[in-house]
Amino acid sequence: MSASSAYPFDPLSEADDVVPAPRPGGIAARAAAMARPAAAADYLSGLNPEQREAVETLDGPLLVLAGAGTGKTRVLTTRIAHILALGLARPYEILAVTFTNKAAREMRERVGKLLGQAAEGMQWLGTFHSIGTRILRRHAELAGLASSFTILDTDDQIRLLKQVLAAENIDDKRWPARQLAFAIDGWKNRALAPKDVPAGEAQGFANGRGAELYALYQARLKQLNAVDFGDLLLEPIKLFRDHPDVLEQYHRRFRYMLVDEYQDTNVAQYLWLRLLARGSTNLACVGDDDQSIYGWRGAEVENILRFDRDFPGAKVVRLERNYRSTGHILNAASHLIAHNQGRLGKTLKPQTELGDKVTVAGAWDSGEEARQIGDEIEALQSKGHKLDEIAILVRASFQMREFEERFITLGLPYRVIGGPRFYERAEIRDAMAYLRVVASPADGLAFERIVNTPKRGLGDAALKQITERSRADEVPMLEAARRLVAGPDLKPKPKAALKELVQAFDRWAALVDNVPQSELAERVLEESGYTDMWTKDRSAEAQGRLENLKELVRSMEPFENLRGFLEHVSLVMDADAGRGEDAVTIMTLHAAKGLEYDTVFLPGWEEGLFPHQRALDESGRAGLEEERRLAYVGLTRARRRAKVWFASNRRIHGLWQSSIPSRFLDELPEADVDVIEAPAAYGGAYGGMGGAYGASRFDKAEPFASTYDTPGWRRAQESRGAASPGPGARRSGPMTIEGELVASSSAPRSAFKEGARVFHQKFGNGTVVEVDGNKLTVAFDKAGHKRVVDSFVKAA
DNA sequence: GATGGGGCGTTTTTT
DNA sequence: ACGCCCCATC
């Protein structure tokens, strides 16, 4: 591939591609560039040797195994800067792919900081989906689409599938559209076209009609000139396979390819990359197999584990120097993750002092856990710690509520990441649907969404007529509506309403190029009666919805035009929750990947919740290992303090369930962990034990050993095979791993003596009648004899 | 077209 | 236990 021959005849060239700088051509120029003393470049100077190797290994496939906090983004951005600085490629000849818009934004910013405006020219820096869109728009006609195709989100997808199911007379009670959507998503993740769906899998839906329905859905998408998210990857793959000439253009274009978070790629993304990488083997993938936590949505850890076989001659660079966390935290995380099999194997090397040990603490129930953590945060705050540097990372979002409630009571500012997102709110989707119809009158799904919102007397009957007309005449819904208005078939009332709507859309469409989009949006929402609908609504949320609409209009301003805005929204479904006042962050472990905080609280480390029972049930050992990686991600978010909690009782689906500490606690190395159990450690605010709320682990012999009797653990052991103790293996004493004693919470013997007066949160005052290790039998004055663990009582 | 009752699901989430 | 979605009913 000769560089000079590719230009200026590259059919991909666009006006914005043309840069005045002469192209550095040929081997000689490259060699000369390479020979330049790299030390002169100060962007390289702050790198450690491994990072530097990752940056400077420019030829051939490269896998950078970057452990948590080892400077992954830095390597990626510096590598781009290096390629550009050496003149090996121009900005638009580098393909840099990320998973999220946030990551893409961050990369662009950081390259910009290194190089100034060169980052602007990086048109091929983006998410898999945004780059897929770009490619597909250029060659839409080859995929049977117009380049103005719309991108459907999950909601539209479901609606469309419902139509398909209805048309096929399939009872969507028995076979819900959601489920089909889920299946199709899965197939698309694995790059399976309808004809490729394994017979066995298609069997699973609507009596074997799964693949057929998938095909019908795809046909409907084409009719609507629409694609779903999966298609943004699949269509380019098809395109590349069917049109080698097109692929060839991209081969010539992308001289260097970089992929972030490679461990999260699914089959489709992998194939997409492979096709593109055939042109240039200058493919650099960065990832961490230990941070693969998206298996449940199609990510294949295998991709990263297999890299050197997929790309022969690949160089593998390991980044193990961790600059983020202190020693105990890293040791704990490393030791934990070492329990996983099938890793490429890295050990994080601390670069700073040991710091504080990871703490493990137990609470009576989840409310207690929230109170204790709240208190600890207040204590940190009073010592001058910033709330912005504190995060609570939970396994499941239902855990968040208790913290929120507690923090509201305390008046502690917090922010929740996740939850229903801006663009998923009903009012925003409605508004967007109006705008979509204005921008592309053929968008039938959008039209359908708002045809009777607000209510204008166009109910099921009218909608059915429009749909039928649309199908009969093979025209979009809006056009069908127009024809119906002109014809005799509609009753007077709906006819008048529909006429008004069609005219309104005509009026708005005429404004698209003449009025700024935010102004247009305002008018649309006003004139359609949509704003009015919420103004009149007396429900509690109405006010907030109106605010959201205002926010939407405001957010449109910076865009060039309506089209640009709509494209942005379909691909960038995040409205950055702006950092406001100093506040504690509450989010899921999944959402925390890539972030870091001085202090991290990790509540809910209990069997069933974390590892989550469903992960174990559905995916066995693989599920357990993914959960363990999640625990690893959680711990490695902490710079200086990691504080793990478990509660002995938790309300799940409304029922109080007693729980057992997570096996992950047993997997933390004792040397790096402080198990906090003495009542004095937190003022002895414990609630009651046993009795009314059932047994807790403290009621049994060998507290942590009891972990190994849970059904989930047994299942995991069974699926793990011969390497480990068999089903139901009983252990006695603290667990050891590789000869090391790991965390054990068993207090050798109680500080309380027979006859001592004690106080218990739930049962009140009582007298100790028997001491057995750390378990006491107490005669409570009111509650009678109870067996409790000494850490749950304090001296009265 | 609004209202209420019944049924169902209830891990993680991006694009 | 709870919320959400769908449908039936008025």
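Order of the sequence lines fixes the chain letters, A, B, ..., with proteins taken first and strands second; residue numbering starts at 1 for each chain. All heavy atoms count here, side chains included; hydrogens, waters and symmetry mates do not. Because the structure is a prediction, the values reported are computed rather than measured.
Within the 4.0 Å cut-off from OP1 or OP2 of B:dT15, not a single side-chain nitrogen or oxygen of A:Asn189 is found. Within the structure, every side-chain polar atom (N or O) of A:Arg297 is placed at least 4.0 Å from both OP1 and OP2 of B:dT14. Within the 4.0 Å cut-off from OP1 or OP2 of B:dT13, at least one side-chain nitrogen or oxygen of A:Thr588 is found. For B:dT15, one of the phosphate oxygens OP1 or OP2 lies less than 4.0 angstrom from a side-chain nitrogen or oxygen of A:Asn101.
At a threshold of 4.0 angstrom between heavy atoms, the contacts of A:Gly457 are confined to the sugar-phosphate backbone, with no base atom among them. A:Gln269 comes within 4.0 angstrom of nothing in the nucleic acid, heavy atoms only.
In summary, the side chains of A:Tyr217 and A:Asp228 do present a donor paired with an acceptor at a separation below 3.5 Å, with no hydrogens or angles considered.
Separating the CD atom of A:Glu618 from the P atom of B:dT12 is a distance of 13 Å, rounded to the nearest angstrom. In this structure, the CZ atom of A:Arg178 is 10 Å from the P atom of B:dT10, given to the nearest Å. One atom, CE of A:Met587, and another, C1' of B:dT13, lie 14 Å apart when rounded to the nearest Å. Atom CZ of A:Arg105 is separated from atom C1' of B:dT15 by 13 Å (rounded to the nearest Å). Atom CZ in A:Arg395 sits about 9 Å away from atom P in B:dT13, given to the nearest Å. The interatomic distance linking A:Leu589 (CG) with B:dT12 (C1') rounds to 9 Å, in whole Å. Residue A:Glu424 contributes atom CD, which lies 11 Å from atom C1' of B:dT15 at whole-angstrom precision. If you measure from atom NE2 of A:His590 to atom C1' of B:dT14, you get 12 Å, rounded to the nearest angstrom.
Closest of all the heavy-atom pairs between A:Arg545 and A:Glu427 is NH1-OE1, 2.7 Å. Taking each heavy atom of A:Leu336 and A:Ala631 in turn, the nearest pair found is CD2-CB, 3.5 Å. A:Tyr262 approaches A:Asn303 most closely through the heavy-atom pair CE2-O, 3.4 Å.
In this structure, the side chains of A:Val633 and A:Leu393 stay at 4.5 Å or more apart for every pair of heavy atoms.
Residue order along DNA chain B, read from the 5' end via each residue's closest nucleotide, puts A:Arg456 first among A:Asp185 and A:Arg456. Nearest-nucleotide mapping onto DNA chain B: of A:Gly459 and A:Phe99, the residue sitting toward the 5' end is A:Gly459.
Each of B:dT11, B:dT15, B:dG1 was ranked by its minimum atom distance to the side chain of A:Thr127; first place goes to B:dT15. Listed nucleotides B:dT13, B:dT15, B:dG1 differ in distance to A:Asn452; the shortest reach to its side chain belongs to B:dG1. Counting only heavy atoms from C-beta on, A:Arg614 has its side chain closest to B:dT10 among B:dT10, B:dG1, B:dT15. The side chain of A:Tyr294 lies closest to B:dT13 when the candidates are B:dG1, B:dT11, B:dT13.
Summarising the geometry, atom CH2 belonging to A:Trp175 is positioned 9.5 Å from atom CD1 belonging to A:Ile170; distances are rounded to the nearest 0.5 Å.
Around CD of A:Glu500, the count of heavy atoms belonging to other residues, nucleotides or ligands within 6.0 Å does not exceed 12.
Taking the P atoms as reference points, C:dC5 lies 16 Å from B:dT12, given to the whole Å. Comparing C:dC2 with B:dT13, their P atoms sit 24 Å apart, to the nearest whole Å.
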Point to revise | Base versus backbone protein contacts along nucleotides 1-10 of chain C [heavy-atom cut-off under 4.0 Å; B, S, -] | key: B----SS---
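In this structure, A:Trp296 packs face-to-face on the six-membered ring of B:dT12, meeting both the 5.5 Å centre cutoff and the 30° plane limit. Centre separation under 5.5 Å together with a plane angle under 30° does not hold for the ring of A:His129 and the six-membered base ring of B:dT15, so they are not marked as stacked.
Remark: A:Glu448 pairs with no residue by the salt bridge (Lys or Arg N to Asp or Glu O under 4.0 Å) rule, at least two apart or across chains.
Checked against a 6.0 Å centroid threshold, the rings of A:His612 and A:Trp296 do not count as neighbours.
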